[in-house]
Amino acid sequence: ALTRRVACPDGVNTATNAACCALFPIRDDIIENLFHNTCAEEAHESLRLTFHDAVAFSPAMEARGEFGGGGADGSIILFDQVETGFHANAGIDEIVQLQKPIIARHNISTADFIQFAGAVGLSQCPGAPQLEFMLGRQDATQAAPDGLVPEPFDSVDSILARLLDVGFQDFEVVWLLSAHTVGAADAVDPTIPRTPFDSTPGVFDTQFFIETQLQGVSFPGVGNEQGEALSPIAGEMRLESDQLIARDQRTACEWQSFTNDQEKFAETFPDVMGRLALLGVDQSQLVDCSEVIPIAPPLPADSQPHFPAGKTVVDVEPACADTPFPTFPTDPGPATSVAPVPNL
Ligand code: HEM
Ligand SMILES: [Ca+2]
Ligand SMILES: [Mn+2]
């Protein structure tokens, strides 16, 4: 069936719902002036911000009669004096300060902007699936309580329980952690800002799942910081939580299943990110504006799942009892060393 589209006042775009027209100039503004058309620090931090705003929501606390946070309600920016001080939000003040003036120059709720910017930011990353964007969140009237955002030194039990509280099963936590394929750490070891979680932090590929299954051999900086595990290659950071979730019996097979399955991202990541973006949100008035989210470029033509140079299957610590670890070609050349993510 043909979908009736309305012409937007900008004379350029059309939309299935007129309410979505307002998003085109915001999208173009942030692609140009926040992300600089690149999947780098600002796009990565904007994706992380969607999680830290939304996951601060606890039905378990509400059931005990306590305020459990408002979820995807913009509180992390609206009450940034409180929430950027939480230990789990270390370093998030930088993207908050970059997003604030952009929100001020557009007519959009802070809650919507955070989720919108995360989805648009991800579209800058080759290989990423298109995320849904629903418009119409109400802004927070108070800060979220501390203690709801998982930390990299938390136990697997605690991380899985926290995410189950907001509706995610064990295997869906693995789906969510695909985000770390475009990520780096600034605060885990502050002497080495923007140290990536995989060798391809500018690309939404499966390398994160392959490389986290390699035996860790060294620390990239000072070493052995809280929440840090040994990493397999120079310049790469491994979070203790990623190390443990990759090896836990509840999650290891799901983790391994991503190593050679780029297509799997298309059906899994939008599902869990779409639900994350609606935590705590009154869904009765929302408008689907997913059409405004760009389609990410494809992976580079020569890109294929691989072991980093110097690594082979003997370096793998397989953790899935059901299925052998897949084999991959080893990149040629001297041992891979990863450069910090650019800060634009
Ligand atoms: C479930 C447990 C999780 C833990 C313990 C965790 C922990 C962390 C930590 C410690 C960092 C580094 C922060 C820094 O030092 O700058 C990080 C980065 C990041 N996280 Fe997570 N994370 C989790 C889940 C998620 C989820 C569900 C998302 C989905 C959006 C996500 C997205 C990101 C991104 C995109 C970055 C990179 C930010 C950048 O490169 O600047 N994380 N995470
Ligand atoms: Ca990657
Ligand atoms: Mn960062």
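When a ligand or atom number is given, it counts from 1 through the structure's own listing order.
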Taking [atom] as the reference point, the nearest protein heavy atom with its distance:
atom	value
atom 2 (C) of ligand 1	Pro150 CB, 3.7 Å
atom 36 (C) of ligand 1	Arg48 CB, 3.9 Å
atom 39 (C) of ligand 1	Ala184 O, 3.3 Å
atom 30 (C) of ligand 1	Leu47 O, 3.5 Å
atom 35 (C) of ligand 1	His44 O, 3.3 Å
atom 32 (C) of ligand 1	Ala179 CB, 3.6 Å
atom 41 (O) of ligand 1	Glu45 OE2, 2.8 Å
atom 20 (N) of ligand 1	His180 NE2, 2.9 Å

Query raised in the report: Can you find an N/O atom of Phe197 closer than 3.5 Å to an N/O atom of ligand 1?
Result: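 Not met; the criterion fails.
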Query raised in the report: Rounded to the nearest 0.5 Å, how far does OG1 of Thr336 lie from CD of Gln207?
Result: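 The distance works out to 9.0 Å.
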Should you measure from each heavy atom of [X], which atoms of ligand 1 turn up under 4.0 Å away?
X	result
Leu163	1 (C)
Asp186	14 (C), 15 (O), 16 (O), 41 (O)
Glu151	5 (C)
Ala187	14 (C), 15 (O), 16 (O)

Is a salt bridge present between [X] and [Y], judged by a nitrogen-to-oxygen distance below 4.0 Å?
X	Y	result
Lys100	Asp80	yes
Glu32	Arg27	no
Arg137	Asp53	no
Arg247	Glu317	yes
Lys264	Glu254	yes
Arg238	Asp242	no

Please work out whether any backbone atom (N, CA, C, O) or any side-chain heavy atom from C-beta onward of [X] is under 4.0 Å from ligand 1, and answer side chain, backbone, both or neither.
X	result
Val173	neither
Ser241	side chain
Leu239	side chain
Asp154	neither

Report task. Run down the list Ile159, Leu122, Thr195, Leu177 and name the one with the heavy atom closest to atom 3 (C) of ligand 1. Result ->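 Answer by nearest heavy atom: Leu177.
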From the Ca ion (ligand 2) out to just under 3.0 Å, does an N/O/S atom of [X] turn up?
X	value
Pro196	no
Thr181	yes
Ser199	no

Report task. Tell me, please: is Pro152 in heavy-atom contact with ligand 1, that is, under 4.0 Å? Result ->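 So Pro152 counts as touching ligand 1.
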Query raised in the report: What is the name of the N/O/S atom in Glu45 that sits closest to the Mn ion (ligand 3)?
Result: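 Of the nitrogen, oxygen and sulfur atoms in Glu45, the Mn ion (ligand 3) lies nearest to OE2.
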Report task. Work out the angle at the Mn ion (ligand 3) between OE1 of Glu41 and OD2 of Asp186, rounded to 10°. Result ->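 Between OE1 of Glu41 and OD2 of Asp186, at the Mn ion (ligand 3), the angle is about 130°.
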